[in-house]
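Here is the structure we will look at, set down as C-alpha cells.
Numbered from 1 within each chain, the chains take letters A, B, ... in sequence-line order.
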Amino acid sequence: MEQIDLRGVSCPTNFVKAKLALEDIETGETVEFLLDDGEPVKNVPRSLKADGHKLLGLKETDGYYVLTLEKGEE
Amino acid sequence: MADAKIDLKNLKAGGFIKERGKDLFTVRLRVPGGRLSVERLGKIAEVAKKYGQGYVHLSVRQSVELININFADFDAVVAELGEEQQKVASCGARVRVPTACGGCEYNPNGLVDTQKSALEVDQHLFGTPTGHHKFKVGFAGCPFDCPKSAINDVGFQGAIWPELTEAECISCGLCAKSCVEGAIAMDGDKPAFTPEKCIYCGDCVKVCPTGAWKSAKRGYTVRIGGKWGRRPLVGTVFATFLPEEKVVDFIAAVLAWYQEKAEGAGRTRLGDIILQQGPDSLLEYLRKDFPEYVLDATIPPQVIETQMPLGR
C-alpha cells in the first residue's frame with residue numbers, strides 16, 4: 001500500500017498535496033496518509049471525504065496519525 | 001430649492017444618509033446577505049461613476065454605499081439602479097437589511113442555507129418601522145459564526161444535533177478527534193457522547209466515514225438582544241433548532257413584543273428593553289407560537305464590562 005507522508009505540511013497545502021498524490025492512484029485502491037495532530041488530522045480527512053473518497057480508518061502512532069483511504073470515483 | 005423635485009416615496013424606508021458637504025448624501029444599497037450578481041455590481045459601478053466621485057464604500061453590514069450623491073439626483077439614481085433590480089436600503093428605526101455568510105452552498109462548514117434565510121427576511125420584513133430604534137438580523141451558517149450573530153437584535157446560527165447509529169460505526173475515532181468541544185471521546189472502541197458539551201457544529205457528522213453520525217435535528221440557534229455601538233450587549237440564546245421555514249414568523253414575534261414593551265421608552269434597542277423587562281417576559285411571549293424551540297430559561301443580554309468610562 002502506498003504511503004504519503006504529509007507530516008510537517010500545514011493546511012491547506014497538505015490537502016492539496018493529498019489531492020495531487022491521489023491523481024496517480026487508481027479508483028478503488030487503498031492508500032495511507034501520515035498526518036500531524038491538531039488541524040491536519042481534523043481537517044484533511046473531512047475534506048477528502050467531501051471529495052468522494054472512502055475513509056477506512058485512523059490510527060494514532062507515536063504522536064502522528066495514519067489515515068487509510070480508498071480512492072473514490074474521479 | 002424650488003425647482004428641485006424629489007419623489008418622496010423613495011425616501012420612505014431611508015437609505016439616504018446626510019453627508020458633511022452641502023446637498024450631498026450617501027445612498028446605502030440593499031444587498032441582503034452581501035451577495036449580488038456581477039450584473040448588479042456592474043450597474044452599481046456605472047451609477048457610482050456617473051453620479052458620485054469615483055468610489056464606493058463597503059459598509060460593515062455587507063452593503064455597497066454610493067458616496068457624494070447630490071440630493072437632486074436621487075430619482076435618477078433610483079431609476080438607473082432599478083434597471084438591474086438594485087434597490088436602496090433602510091436606515092433609522094426600521095428593520096435593516098439582514099446579513100449572512102456564504103452559507104451551506106459552497107462553504108464546507110455551512111449547516112443551513114443562510115443566503116435563503118436572509119432573502120426571505122428581507123422580502124417580508126425589510127424596512128418595517130419598529131417605533132423605537134434600529135433592528136438588525138444576521139445569519140451565520142455554523143457555530144464558527146463569522147457574521148457575529150450574537151451582536152444582532154436577533155441573530156441566527158446554523159446548528160445540527162448529532163446522533164450515533166452504533167451498528168454503522170467502524171471505531172476509527174475520527175469523530176472524537178474532530179470534536180474540539182470534547183463532547184465525543186472514545187470509550188473503548190465506540191464513541192461516547194456528552195450532550196451538554198455539544199455546541200451543534202456538526203463536525204462529527206461531516207467527518208464520519210460511514211455516516212454512523214447522523215443529523216437528527218437541523219435549524220438555528222437563536223440569540224436575542226445583541227447590539228454594538230456605544231454600549232455593547234451580547235445577545236443570549238432564546239431558542240434552539242428553530243427550523244429555517246419559521247425564521248420570518250419568529251422575528252415578527254420578537255418585533256411585536258419589542259413594539260409593545262418599548263412603548264414610551266423612546267430610542268431604545270431591544271437588548272435594553274429585555275434588560276428592563278427581564279428575559280422571561282420575552283421567552284413566555286415566544287413560547288406561545290414556538291413552544292418546541294423556545295428554552296425554559298435564559299440569561300439577559302450580557303453587558304461588556306470593558307467600556308468607557310473606565311472604573312465605572
Side-chain angles (χ1 to χ4, degrees), chain A residues 1-22 25 27-73, chain B residues 102-113 141-144 146 158 160 162 164-193 197-215 218:
Chain A
M1 189 185 335
E2 191 167 345
Q3 195 176 67
I4 295 139
D5 191 353
L6 297 173
R7 288 174 298 173
V9 186
S10 57
C11 304
T13 313
N14 45 17
F15 173 56
V16 175
K17 279 188 126 173
K19 280 174 76 72
L20 292 172
L22 284 165
I25 291 164
T27 298
E29 267 185 52
T30 305
V31 56
E32 279 181 353
F33 292 103
L34 309 188
L35 295 166
D36 285 324
D37 199 359
E39 288 292 302
V41 74
K42 187 179 177 299
N43 291 335
V44 175
R46 192 176 119 183
S47 301
L48 289 169
K49 181 193 167 192
D51 265 9
H53 305 294
K54 192 174 175 191
L55 309 185
L56 299 176
L58 183 78
K59 286 219 158 44
E60 189 175 4
T61 318
D62 296 330
Y64 64 92
Y65 287 84
V66 182
L67 174 75
T68 316
L69 169 151
E70 182 188 307
K71 184 176 170 167
E73 298 286 334
Chain B
C104 63
E105 290 164 89
Y106 57 89
N107 185 321
N109 292 314
L111 303 170
V112 288
D113 195 344
C142 72
F144 278 98
C146 301
I160 68 172
L164 181 72
T165 307
E166 218 171 78
E168 294 169 29
C169 173
I170 56 168
S171 308
C172 69
L174 270 165
C175 54
K177 203 62 225 170
S178 294
C179 184
V180 291
E181 302 302 326
I184 302 175
M186 292 308 278
D187 179 18
D189 65 345
K190 294 292 174 198
F193 183 46
K197 287 188 177 174
C198 179
I199 63 162
Y200 321 145
C201 72
D203 282 356
C204 50
V205 175
K206 286 176 193 152
V207 78
C208 181
T210 61
W213 281 106
K214 298 178 204 311
S215 156
R218 181 186 303 272

Under 4.5 Å from any heavy atom of chain B - which part of Leu56(A): backbone

Identify which part of Asn43(A) has an atom lying under 4.5 Å from any heavy atom of chain B, answering side chain, backbone, both or neither. neither

Sort Leu174(B) into side chain, backbone, both or neither according to what part of it lies under 4.5 angstrom from a heavy atom of chain A. both

Closest non-hydrogen atom pair, Pro143(B) against Leu111(B): CD-CD1, 4.1 Å

Side chains of Asn109(B) and Arg46(A): does their closest heavy-atom pair fall under 4.5 Å? yes

Please check if the number of heavy atoms outside Lys214(B) that lie under 6.0 Å from its NZ is greater than 12. yes

Should the heavy atoms of other residues, nucleotides or ligands under 6.0 Å from NZ of Lys42(A) be counted, would the total exceed 12? yes

So what's closer than 4.5 Å to chain B heavy atoms on Lys49(A): side chain, backbone, both or neither? side chain

